[in-house]
Every structure is written in structure tokens, then in C-alpha cells.
Chemist: 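Quick one: the structure is below, questions incoming.
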Amino acid sequence: MATTPHERTLDPADWDALRALAHQMVDDMLTHLETVRERPAWQPMPDEARARFSQPLPEQPEGAEAAYREFVEDVLPYPLGNIHPRFWGWVIGTGTPVGVLAEMLAATMNPNLGGADHAANQVERQVIGWCKALVGYPAEASGLLVSGGSMANLVGLTVARNAMAGYDIRREGVGAAPRPTTFYASTEVHSSAIKAVELLGLGQDALRLIPANDAYQIDLGALEEAIAQDRAAGCQPIGVIGCAGTVNTGAIDDLNALADLCEREGLWFHVDGAFGALASIAPGLRPLVAGMERADSLAFDLHKWMYMPFEVGCTLVRAEEAHRKAFSLTPDYLVHATRGTAAGSPWFSDYGVQLSRGFRALKVWMSLKAHGAAAYREMIQQNVDQARYLSDLVDEHPNLERLAPTSLNIVCYRYVEPGLSKEQLDDLNAELLIQLQEQGIAVPSSTVLKGCYAIRVANTNQRSRREDFDLLVRESARLGKQLAQAAQAAS
Ligand SMILES: Cc1ncc(COP(=O)(O)O)c(C=O)c1O
């Protein structure tokens with residue numbers, strides 16, 4: 001008689017023990033979120049904690065409980081800080097408790113949303129429909145959830161390049177272009193758009209960076225001139241990238257003017273609205289991004305200003321056929337059936353780079369159902385109101401100076417002290433920012449505006465309160481004074 005071989009599985013031998021651990025984890029994590037305000041916004045990792053990450057590959061099992069204990073001791077205490085109420089660095093959202101739970105449900109089903117006939121794809125379809133409704137984009141447009149704004153820009157700009165090439169660029173490649181192709185955006189455009197143009201094989205120089213005006217919006221006259229010059233020089237302009245919320249200051253290009261220009265010039269109009277596109281969901285802010293709905297393609301994030309857990313962004317493309325033509329490739333092993341598991345056309349893999357795709361739609365679906373769109377409309381307005389509140393506090397303080405208009409949810413400022421040189425002020429403010437972070441007070445990030453070092457607060461935080469901005473201003477002034485005194489003493 002044949003013996004039955006020992007067959008391994010990674011499911012637990014003792015489900016009850018894992019269930020008990022899982023309950024513990026859920027309890028601990030909810031408490032972790034509930035008490036986040038009591039912890040520092042950020043803390044540096046001590047060397048001994050860092051060193052614990054150089055252990056060799058564990059060949060033998062340590063058990064889920066031991067792994068969880070290590071996570072609690074070595075990982076959990078040293079976060080980036082973005083779930084904290086006083087994190088305003090770069091543009092990074094906070095996430096929500098419902099989002100956490102949805103991630104667990106998504107991982108339990110563990111579907112692949114590349115294609116096929118199953119409910120998870122219906123969830124994503126519905127979420128994309130809701131995204132269109134939220135940002136006022138045409139219902140017949142196509143769309144795709146992606147990893148974030150960078151991928152959303154890459155997908156949109158790929159469709160633009162292919163649709164505007166005038167020949168079969170997928171078959172013949174960029175080398176067959178009869179003339180050099182060019183895109184246009186302001187100098188304020190996000191690096192992800194520059195990377196996208198590089199990845200499209202056009203080269204960084206193909207993205208013409210047009211000067212911005214004092215409000216950090218694209219200079220429309222300079223844009224028209226650059227397009228005309230390029231045409232005269234034998235180039236083929238193919239598209240303009242409008243910014244709905246620049247990363248530096250939150251400035252919004254005149255999107256209606258860009259849409260008009262693109263119509264006139266026969267160019268593709270792509271909008272990078274990574275966070276700014278979501279301003280459209282708050283009735284009081286919608287006029288700021290008027291014209292965005294006219295874009296041929298629109299990129300935005302849900303893990304920034306919709307507070308979804310990482311990662312989730314969205315690309316919408318007005319012309320479904322152009323979108324599909326840019327990505328669809330169906331070998332025999334991926335054939336789309338009309339019945340059975342392989343049905344469910346159209347497949348999402350026909351609209352983007354990824355074949356295997358996670359269930360990122362579920363956290364969006366559950367969050368919108370749990371909280372309702374109205375809550376998001378209010379939260380986004382609240383973040384902008386808080387940014388305006390911070391702007392006023394900065395403007396009222398004799399030692400703080402605002403360095404850019406507060407167009408949306410971003411405030412850029414610095415500490416100033418008469419008698420200090422520009423270099424001294426740059427150094428002082430760089431040190432001030434580090435001390436705010438190292439002392440666990442708050443996490444803004446930095447940028448450079450018109451040559452000046454700026455402390456930059458980007459508010460996509462669903463936990464911030466006005467008192468947090470009061471504290472930031474108080475502490476910026478206190479640390480700034482100390483640093484100014486030290487600089488004066490040293491000079
Ligand atoms: C304006 C803008 N575009 C694109 C991106 C890239 O988005 P992601 O980080 O989600 O890839 C960002 C990120 O901050 C951004 O601010």
C-alpha cells in the first residue's frame with residue numbers, strides 16, 4: 001500500500017491559537033490608533049533597534065506570535081508619523097480605522113483584479129464610477145485604480161503619447177517618430193510627471209518646463225510661445241500637463257484656459273491632480289479646479305486627500321478606446337472568455353501596466369459606504385480651513401513669514417529675525433524643521449521657494465485640529481528664537 005506523503009500547508013495547525021493572536025492584534029492596533037495623539041509625531045530609531053534588522057534569513061519557524069512581538073517592539077514604535085495629528089510632511093495621508101479593517105478583508109479574499117469574473121472587479125468598477133462622480137468627470141470615461149499618483153500620471157501620459165503619435169507607436173517604438181515629440185508643464189510640475197516622460201522613452205528634455213507666475217501657476221503666454229517655437233523648429237507638440245495642486249505650494253493652474261488652449265492647438269490635456277483634484281468634492285472649493293473635468297486624462301490619489309491607506313490612486317481617461325488601445329495585449333493564456341471564470345470583460349489588465357492587481361478597491365468602497373461622501377467633502381473643506389487658519393497665525397506673528405500664497409491646503413513659511421543674512425535664515429530654518437521633527441512636536445517637510453528655504457505644511461490629515469496648528473506656530477517661534485540667538489552669538 002502506498003504511503004501518503006506529508007504535504008505541507010502554511011495554514012495554521014491550531015486555528016484557535018491563531019484566532020486568539022488575531023484578536024489580540026486587532027485590539028492592539030485599534031488602541032494604537034486611539035492613542036496616537038499621546039505619542040511623538042516622529043522619533044529617530046536608536047542604533048540598537050536599527051541593528052536588529054540585520055538578522056539573517058530565518059530558516060526555521062519562530063512562530064507568528066514571536067514575529068508579532070518583534071513587530072510591536074521594533075517596528076511599531078518608529079513610524080514615519082503620518083497617522084499622527086501633527087504630520088504634514090510631503091503629501092501623505094493618514095489612513096482611517098475602517099481602512100485598516102478593509103485591508104484585512106481584502107487580504108482574506110486575496111483576489112487578483114487583473115481580470116476574470118468575480119465580485120472584486122465589480123467593486124473596483126463601482127469605485128471608479130464613484131470617483132468619476134466625486135470629481136465631476138464624464139460617466140462614460142474609463143478608469144483604473146493604480147498604486148498612486150506616479151502610476152496614475154504614467155498611465156495617463158502613456159495614453160496621451162500613444163493616441164497622439166500618429167503612427168503605431170506600440171509596434172514601431174519611439175525611434176520611428178517622424179519628429180521629436182514634446183509635452184508641456186510648468187516648472188512646478190511634480191517629479192513623477194518628469195519620470196513618466198522619461199519612462200515613455202521621450203527623454204527629460206521633451207517635457208518643456210514653462211515658467212510659473214507669482215501665484216505659481218503656469219504662465220499661459222510663455223506656454224503658447226513655447227508651443228509655437230517648437231512647431232517652428234519641427235517638433236510635434238502632443239500634450240500639456242496641468243497642475244491641480246502643485247506639490248510645492250498647492251497652486252492650481254488655470255485649467256479652463258489650458259483646456260481651451262489644448263482644444264485650439266489640438267493637444268492632449270492631462271491633469272495631475274494628485275491631491276488637488278479632490279478639492280472638487282467640496283462645493284466651496286470646486287470653482288478652484290474648474291476646467292479639470294475637461295481633461296483628456298486625469299490622475300489623482302486616494303491615499304492622500306481621501307485618507308485611504310496606502311496604496312491607491314486613480315487614472316481616468318475620457319476616451320475609453322484610446323485607454324484600452326494603449327495597454328491591451330491578450331495572449332492565448334489570458335484569453336477573455338464569455339462564460340466561466342475567465343469571463344468578466346473588460347479586464348482591468350487591459351487598461352494599465354499591471355497584470356496582477358490587488359484589491360485596493362475594497363478600502364475605498366468600504367470607506368465611502370461607512371462614512372458617506374458627505375464626510376469627505378467636509379473633511380477636505382476642513383483641511384483647507386485649517387490651512388487658512390495656519391496662514392493667518394503665521395501672518396500675525398512678527399517672526400514668521402509666509403513664503404507663498406495659500407491656494408489650497410499647503411502653507412509655506414519660515415522664521416525670520418532682523419539682522420540675519422539669507423544664508424543664516426536658510427540654515428536656521430533647516431535646523432528648526434529638524435528640531436520640530438526630532439523633538440516629536442510635528443512633521444512638516446521643506447522646499448525652496450524663490451531661493452528661500454521654506455518649512456512646508458501640507459494638510460491632508462483627518463486627525464489635525466486647530467490646536468495642533470497653534471502648537472506648531474508656538475513651537476516654531478520658540479525654537480526659532482533660540483536658534484536666532486545662537487546664530488547672533490556666533491556671528
Ligand atoms: C502633485 C503631485 N503629483 C504626483 C505625486 C505622486 O503621487 P504618489 O506619491 O502617490 O506616487 C505627488 C506626490 O506627492 C504630488 O504631490
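Counting convention: from 1, in listed order, for ligands and their atoms alike. FYI, side chains are in, hydrogens and waters are out, and symmetry mates aren't considered; it's all heavy atoms of this structure.
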Chemist: Considering only the protein, which heavy-atom contact is closest to atom 2 (C) of ligand 1, and what is its distance?
Modeler: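 Nearest neighbour among protein heavy atoms for atom 2 (C) of ligand 1, to 0.1 Å: Ala274 CB, 3.3 Å.
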
Chemist: As an exercise, state the distance from CZ of Phe359 to CE of Met109, rounded to the nearest 0.5 Å.
Modeler: 5.5 Å

Chemist: Report yes or no: does His303 have a heavy atom closer than 4.0 Å to ligand 1?
Modeler: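 Flag set, His303 near ligand 1.
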
Chemist: Could you check whether Lys369 makes a cation-pi contact with Trp365, meaning its NZ or CZ is under 6.0 Å from the centre of the six-membered ring and within 45° of the ring axis?
Modeler: yes

Chemist: In this structure, does ligand 1 have an atom that sits under 4.0 Å from one of the heavy atoms of Gly245?
Modeler: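 Contact check Gly245 vs ligand 1: positive.
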
Chemist: How long is the span from the CH2 atom in Trp305 to the CG atom in Leu278, to the nearest 0.5 Å?
Modeler: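 Between atom CH2 of Trp305 and atom CG of Leu278 there are 7.5 Å.
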
Chemist: Taking distance alone, with N or O pairs closer than 3.5 Å, would you say Met151 contacts ligand 1?
Modeler: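 N/O-N/O distance under 3.5 Å: no.
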
Chemist: Output the list of atoms in ligand 1 that are nearer than 4.0 Å to some heavy atom of Ser192, sorted by atom number.
Modeler: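 Heavy-atom distances to Ser192 below 4.0 Å select 4 (C), 5 (C), 6 (C).
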
Chemist: Any carboxylate oxygen within less than 4.0 angstrom of a Lys/Arg side-chain nitrogen, looking at Glu124 and Arg357?
Modeler: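 Looking at Arg357 together with Glu124, the answer is yes, because their closest N to O distance falls below 4.0 Å.
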
Chemist: Would you give the length of the straight line joining atom CD of Gln381 to atom CD of Gln386, rounded to the nearest 0.5 angstrom?
Modeler: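 If I round to the nearest 0.5 Å, the distance is 10.5 Å.
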
Chemist: Could you find the nearest protein heavy atom to atom 15 (C) of ligand 1 and give me its residue, atom name and distance?
Modeler: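 Answer for atom 15 (C) of ligand 1: His190 CD2, 3.3 Å.
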
Chemist: Output yes when Arg294 and Asp260 qualify as a salt bridge under the 4.0 Å nitrogen-oxygen rule, no when they do not.
Modeler: yes

Chemist: With atoms numbered from 1 as shown, which atoms in ligand 1 lie under 4.0 angstrom from a non-hydrogen atom of Val91?
Modeler: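 The atoms of ligand 1 under 4.0 Å from a heavy atom of Val91 are 14 (O), 16 (O).
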
Chemist: What is the nearest protein non-hydrogen atom to atom 3 (N) of ligand 1, stated with its residue, atom name and distance?
Modeler: Asp272 OD2, 2.7 Å

Chemist: Calculate, to the nearest 0.5 Å, the distance between atoms OG and CG belonging to Ser349 and Leu355 respectively.
Modeler: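 Atom-to-atom, Ser349:OG and Leu355:CG are 5.0 Å apart.
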
Chemist: At a 4.0 Å threshold, what atoms of ligand 1 neighbour a non-hydrogen atom of Val247?
Modeler: 16 (O)

Chemist: Start with the C-alpha distance between Leu425 and Arg414, add both sets of side-chain angles, then the distance that settles side-chain contact (heavy atoms from CB on, under 4.5 Å), and finish with yes or no.
Modeler: CA-CA 8 Å; Leu425 285 178; Arg414 65 175 179 169; 3.8 Å; yes

Chemist: For Asp301, counting its heavy atoms only, list the atoms of ligand 1 lying under 4.0 Å from any of them.
Modeler: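 Once the distances to Asp301 are compared, the set is 7 (O), 8 (P), 10 (O).
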
Chemist: Give the residue and atom name of whichever protein heavy atom lies nearest to atom 11 (O) of ligand 1, and the separation in Å to one decimal.
Modeler: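 I find the closest protein heavy atom is Ser150 OG, 2.6 Å.
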
Chemist: Heavy-atom contact check, 4.0 Å cutoff: does Lys304 meet ligand 1?
Modeler: yes

